[in-house]
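Remarks on the structure that follows.
Sequence positions, counted from 1, serve as the residue numbers for this chain.
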Amino acid sequence: MLVALEEEVCRGLCNGEIVRLGELGSLQVGVKSEGVRLEADFHESMINKIWVRFRPGMVLKGMLDGAAFERVSPRKEAGRAGKGMRYERE
C-alpha cells in the first residue's frame, strides 16, 4: 500500500498537482527561478531550486497547538538524544 501511495504522490507532483492526503494534509511542488519579462525568454536552466512543501491538515495543526515539551535524558543505548515533544489526545 505504501509503495502505491508513493507512486501516486510522485505522479501527481510531477503533473503539477496538489496531492491531498485526506485530513493528514497536502503536498505541493515549489519552484524558485530567475524572473524574465517574456515567457519566450524563460528556459529551464533558470530554475534555482525545487522542493516539496507539506501543509499539515487540521488534525496535525491541532496536535502542534497542544504539544508540550520537556527535557529528557539522552538515550545511551541508541547514542542519540530522545525527542522532547509529547502529544496527548484529549
All pairs passing salt bridge (charged side-chain N to carboxylate O under 4.0 Å, His left out) where residues 15-41 contributes a residue, at least two apart:
R11-E17
Please report the closest heavy-atom contact between F42 and V36, naming both atoms and the distance.
CB-CG2, 3.8 Å
Please answer: with hydrophobic residues joined when any side-chain heavy atoms are less than 4.5 Å apart, are L5 and V29 in the same cluster?
yes
V52: which residues meet the side chain to side chain contact (heavy atoms under 4.5 Å, CB included) condition with it, sequence neighbours left out?
L13, L27
side-chain hydrogen bond (donor to acceptor under 3.5 Å, both in side chains) partners of residues 44-62, not counting sequence neighbours, each pair once
Q28-R55, H43-S45
Determine whether L60 and F54 make a side-chain contact, defined as any pair of heavy atoms from C-beta on separated by less than 4.5 Å.
yes
In this structure, would V9 and I50 fall into the same cluster of hydrophobic residues linked by side-chain contacts under 4.5 Å?
yes
